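Beneath this line is the structure, given in C-alpha cells, with notes to follow.
Treat the numbers as computed from the prediction; the structure is a model and nothing was measured. So you know, we letter chains A, B, ... as the sequences are listed, proteins then strands, and number each from 1.
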Amino acid sequence: MNDQDQRPVYMDHAATTFMKPEVIAAMAPYFSQHFGNPSSLYRFARESRMGVDEARREVGAAVGASPEEIFFTAGGSEADNWAIKGVALANRKRGDHIVTSSIEHHAVLHTCEWLEKQGFSVTYLPVDEFGLLDPGDVRDAITDRTILVSVMAANNEIGTIQPVAELGRVAHDHGVLFHTDAVQAVGAVPIDVDRMGIDLLSLSGHKFYGPKGTGALYIRRGTRIENLIHGGGQERGRRAGTENVPGIVGLGRAIELATADIEAHNRRIAAMRDRLVRGILSAIPDARLNGHPTERLANNANFSFRYVEGESILLLLDAHGICASTGSACSSASLEPSHVLLAIGLPHEEAHGSLRLTLGDANTEEDVDYVLEVLPEVIGRLRQISPLTPAHARMPEAD
Amino acid sequence: MNDQDQRPVYMDHAATTFMKPEVIAAMAPYFSQHFGNPSSLYRFARESRMGVDEARREVGAAVGASPEEIFFTAGGSEADNWAIKGVALANRKRGDHIVTSSIEHHAVLHTCEWLEKQGFSVTYLPVDEFGLLDPGDVRDAITDRTILVSVMAANNEIGTIQPVAELGRVAHDHGVLFHTDAVQAVGAVPIDVDRMGIDLLSLSGHKFYGPKGTGALYIRRGTRIENLIHGGGQERGRRAGTENVPGIVGLGRAIELATADIEAHNRRIAAMRDRLVRGILSAIPDARLNGHPTERLANNANFSFRYVEGESILLLLDAHGICASTGSACSSASLEPSHVLLAIGLPHEEAHGSLRLTLGDANTEEDVDYVLEVLPEVIGRLRQISPLTPAHARMPEAD
Amino acid sequence: MYTEKVIAEFTNPQNVGEIADADGVGEVGSPACGDIMRIYLKIEGDRIADVRFRTFGCGAAIASSSMATRMILGMSLAEAWAVSNADVVEALGGLPPAKVHCSVLARDAIRAAINDCRTRRGLEPWEVRSSGCSRGAGCDSHPENG
Amino acid sequence: MYTEKVIAEFTNPQNVGEIADADGVGEVGSPACGDIMRIYLKIEGDRIADVRFRTFGCGAAIASSSMATRMILGMSLAEAWAVSNADVVEALGGLPPAKVHCSVLARDAIRAAINDCRTRRGLEPWEVRSSGCSRGAGCDSHPENG
Ligand SMILES: Cc1ncc(COP(=O)(O)O)c(C=O)c1O
Ligand SMILES: Cc1ncc(COP(=O)(O)O)c(C=O)c1O
C-alpha cells in the first residue's frame, strides 16, 4: 500500500510544471553574471536588456503579436487582474458592463466581483454540459454599456477549449474589447491574436515548463488600459518594477519550446491521455469523463466517481506516489465543490467526487499503466468505506 | 580611454545587486526537483510549502514581524502599490487623505497620484536640504480625514535615512496607519516593525543580493487592507497567483544573509564609501555631496558636479568600465532632473549634473582607487567641453 | 497539511463496515456538503461491544471516523457520549483548521447512534446541542460531560 | 541604447573649443533643460573654414555637436543651413527616440551661428521655423533646403 519511496508519478501538470533544463540553462547567466538592471545606461546592463528583448520577441512570436504588444507580469493572475481592471477603469466613460463565463479561473471571477463592488456590472454566462460557451449567448449579453468580453481559452479543470475566434468576432462585431485567459492554452492550442480577434491575452510561465512567478499580458496596440502597478518606467511605462530578468528570459525560452511543435506534442500526450481515459472508464463502474469529448486540452482528463469524495481519492493516490488534483477545493478553507463542475450541471456529490489527471512532458506509458493499476483499487477501497455505495458496486466485505 | 575588456567596477548596488551563490544554491532544488505547487495536497508538494514557510519565517525575523504578517509579492513596486492602494480603498469610509514625502520612489508617488484621480487627496511634504522629513510636518499635515502616512525608510538616490520610529509614533498618536518603503533600507538599517511603529513595510529581494521579481509586504495583524491581485487563495487569501517558490526561497535566504550582521557590513562598506567621498571632494573642485552627512545609507555617495551633465558622466565612466547612476532620468523618455535633487533644493543644472555611486559586497579598495583615478579625469574632460565651465575651472585647451 | 497520524489512520482505517443487527445507527452530513458519516453500534450490557462506520468524505472525515470508533469501542454509552471532537483531534495529532469540522461530524454521528440506541430501548434521547457546543465549556447539558 | 558610432563620437569628440575671432556664434538650450550648445564659426570666402563647439548635455548632445560640426566643416553657409537633424542622426547611425531632440539642437545651434554671421555682415537672417520643421518636408522656407 505504501509506495512512498518510488518516484512520484506526476499527473498534475495543469497545477504547475517542472522547469525544463533548457529553461534553467537560459536563466542561469542572469543570476550573478549578467545581473544589471535593464534600465541602467552602462554597457554592462546591455545583456539584461537584450535578454528581455529576446524574450519579448519569443512571447510575441508564440501568440502572433509584435514584441511591443507584450508586457511582462509576475504570472497569470496579475495578467488577468491587469487586463480586466485596467480595461474597466480606463473605459469607464464608455461603459460599465463586462461579459464573462461562469467557469473562469478565480483570477478572473474574483477580479470581476471586485469590479462589481466598484459599481461595474458583470454577466457570468452559463456553459453547456461539456463546458462550452455559446457565442450566441455572448452576443445576447452585450449591451451598449458593455466594454469587455473576457472568456478563457481553455479551462483549467475540465480542459474544455472555447471557440475563441468566434467569441472574438462577436465582441468585435459590437465594438467590444476581447480578453482571453490563455494560461492553460499556451503550448496546447495554437494561438494567433489577430486571426482570433484577441485584444488582450494572459499567460503564465509555470504552466509550460517555465519559471513560476512569470507571465505576460498581450495588449493590442491602441487598447485603452490603465496600469495595475504604478511606479517606474519599466515595460514602456505600463508595468512598474525592476524586471525579473532571469524569469523573463526563462519564460521566453519556455514559450519557444512549448510552441515549437504543438501538434506533435499534443499527438503524443493525447495518445497517452486517451488510453488512460479508456482504461479508467472500462475498469471503474459509475465513472464519467467531465468536459468535452473532443474540444479539450490534449493533456486533460477529469472524472467523477460516484459515491466517493475527491480529496480522499487524492490522498490514497498520493500514498501510491501518484500526484493528482480534484475539483473539491479541499486545500483551501472552503468546502465548496468546484464552480466549474457545478456549472456543467453535476450534482453536488458528483462534483465532490472529481479527479483531474493532467499529463505532461515527462509522463510515460508506464505512468499510464501504473495509474490504471492503482486507481481502480483506490476507488474500490473508498467505495467500500462509503455509505453511498449501492450493494452492486461494493466488493464483498473483507473482514 | 577604452577599457572595455576589464571587469566592470560595479558601483550601482542601489539599482540592483548580483545574486549571492548561497541564494542561487538555495533556489536551485526548486526549479525542477521540488517543483510542486504549494497549494497541492500530495506529499510531493510539501517541499515547496516548507520552502515558502521557511522563507516567511526568515523575512519575518528580519523585520521583527511574525511569519503570518509577511505576504510575498513580485517586488518592491507591487508591495508599495498594494500597501497604499489597499489601505486607501479599504479605509475609504474612514477618510480620504494620505500624507507622504516629496522624495518617495515613483512606486509610491505614482500610486498616490493614481489615488488622487480616484478622489483621494495626498499631501507631499517637503524635506530639508539633506533630504530629511520633519516629523512635526507630518503631525501638522494629519487631519481627521487622514488614513495613511507613507514615508520611505531610506532614499534610493541620496541615501538619507528618515526618522522612521518618530514618524511611526506621530502617525499612531493620531490613529493613522504608517507604511514605510524599506526597499533600500533592508540589510542596511536594522528594522523592527514593533519598535518603529510600522504597520506596513515594503521590501524587494534584488536590492540585497536576492532574486529580481521577488518582494514582500509586511502587514501588521488586524490592518484593514484590500487585495491588489485577486484570484486564488494563495498567501492566506491576500495575494493571488501560484507562488514563485524558488524566488521566495531565494528572498528568504538573501534577507537572512543581509541582516545577519548589518553593523559589521556597514562598517566595511562605509569605510570604503567615506574614502571615496573624501577623495572625490578633494580632487574635484565645484563638487558637492548630496544627502545627509551622517544619516545616510552606508553604501551611498551622491555628488553634484557643476558645469557638467549626469548622463555624459555615466557614459565616460562606462567607457572606463565603471557602472554608476545619475539622477538625470536619461534612460527614460523624460528629460526631467531627479525630483529628489530638486526637493533638496538643487538648482536645475546641478540636479542635472549628479552622480550616484552605491557600493556593495563585491567592491574592493582597488575599486575605490580606480574610481578615484578615473572620475577626476572624466569630470575634467566634460568641463573642457562645457560652455558653462568658468575659465579658472578649465584646463588649457589641448588642441 | 495532514499529520502522519491522520494519514496512517486514513490509509488504514479500522472498523469499516456495517453491523447487520446493530442496536443503534447514527448518520450525519449530506452528500451535497461533501461528507456523510454513518455509525453502527452493538451494545452488550452498557458497553459498546462493536462499532462500525461508513463515511463518504475527505481524508480527515475518514480518519476521524476510524479514530472515533476505535476510541469508543469498549466504552459505556455515557463515556462514549463524553468523547469530544477535541479528543478526536488530539488522538489524530491535530487537524488543519478547515478540517476540524470532520471531528465534530464524528462526534455527532456517535451521539446520533447512541441516541438511536436509547430511543430503541424506550429511553429519552440525550439532549443534542448545535455543534458549536464543542468549542465552549458548559454549554453541553449532558451530565457526564466535563 | 546608443549606437557604437554615437559612443565613439562622444568619447572622442572633434572640434571642441572656441574660436576667439569667430565670425558667428550660435547658442541654444538652457542649463535648466539639461543641454546647452554653443557653436563658433570661422568663415573664409563663403566656406566654413573652422568650427568649434562647447556643449553641456548628455552623450547624445555631445555626439551630435561633434558630428554636426564635422559635417559642416568646409561647407558653404547655405549648404550648412541645409543640414537637417535627420542628417545628423543618420551620420550617427541613429539616436534613441528620446534623444532625437539633441540632433535638432545641433541643427538649431548651427543655424543660429550662421544667422549670427549673416547679421554681422549686415544680411537678413534666414527664416527659422520651430524645430518641428525638421520632421516634415516642405515646411522649411530656405531655398536650398530639399
Ligand atoms: C525606494 C524604492 N522603492 C521601490 C522600489 C521598487 O522596487 P522594485 O524595482 O523591486 O519593484 C525601488 C527600486 O527600484 C526603490 O529603490
Ligand atoms: C486558467 C487559469 N488562469 C489563471 C491562472 C493563474 O495563474 P498564476 O497562478 O500563474 O497566477 C491559472 C493557474 O493557476 C489558470 O489555470
Proximity breakdown for B/R236 and chain A, heavy-atom pairs closer than 4.5 Å: neither
Spell out, as yes or no, whether a donor-acceptor pair under 3.5 Å connects the side chain of B/N37 to the backbone of A/T16. no
In terms of heavy-atom contacts, A/H110 and B/G231 come closest through ND1-O, 2.9 Å
Please look at B/K20 and chain A and tell me whether the side chain, the backbone, both or neither of the residue comes under 4.5 angstrom of a heavy atom of that chain. neither
Side chain / backbone / both / neither for A/E113 at chain B, heavy atoms under 4.5 Å: neither
Under 4.5 Å heavy-atom distance to chain A, tell me which part of B/T73 shows up: side chain, backbone, both or neither. neither
Say you draw a straight line from CG of B/L41 to CG of A/L317; how long is it, rounded to the nearest 0.5 Å? 11.0 Å
Under a 4.5 Å heavy-atom cutoff, which of B/S77, B/P21, B/S204, B/G76 has the most pairs with chain A? B/S77
Evaluate the side-chain proximity of A/T17 to B/F35: yes if any heavy-atom separation is below 4.5 Å, no if none is. no
Within the 4.5 Å heavy-atom criterion, are B/N244 and A/P211 side-chain neighbours or not? no
Kindly give the heavy-atom pair with the smallest separation between B/P246 and A/K212, and that separation in Å. CD-CD, 4.4 Å
Work out which heavy atom in B/L89 is nearest to a heavy atom in A/W114; give both atom names and the distance. CD1-CZ2, 3.9 Å
Given that the side chain runs from C-beta out, which part of B/I229 has a heavy atom under 4.5 Å from chain A: side chain, backbone, both or neither? both
Identify the two heavy atoms, one from B/L228 and one from A/N81, that lie closest to each other, and give their separation to 0.1 Å. O-OD1, 3.7 Å
Measure distances from A/S325 to the heavy atoms of chain B and classify the residue's part below 4.5 Å as side chain, backbone, both or neither. neither
So what's closer than 4.5 Å to chain A heavy atoms on B/Y10: side chain, backbone, both or neither? side chain
I need the residue from A/L109, A/V23, A/I24, A/V108 with the largest number of non-hydrogen atom pairs under 4.5 Å to chain B. A/I24
Go through B/E226, B/H34, B/Q118 and name the one with the most non-hydrogen pairs under 4.5 angstrom from chain A. B/E226
Among B/C323, B/G247, B/G215, B/G75, who wins on heavy-atom pairs under 4.5 Å with chain A? B/C323
Can you confirm whether B/Y42 sits close enough to A/D12 that some side-chain heavy atom of one is under 4.5 Å from a side-chain heavy atom of the other? yes
Do A/H230 and B/H106 have side chains that approach each other closer than 4.5 Å (heavy atoms only, starting at C-beta)? no
CD on A/E78 to CZ on B/R239, rounded to 0.5 Å: 7.0 Å
B/R49 atom CZ, neighbour heavy-atom count above 12 within 6.0 Å: yes
Within residues 25-33 of chain A, contacts to chain B at heavy-atom distances under 4.5 Å involve A/F31, A/S32
Mind checking the CG-OG spacing from B/D318 to A/S40? Nearest 0.5 Å is all I need. 10.0 Å
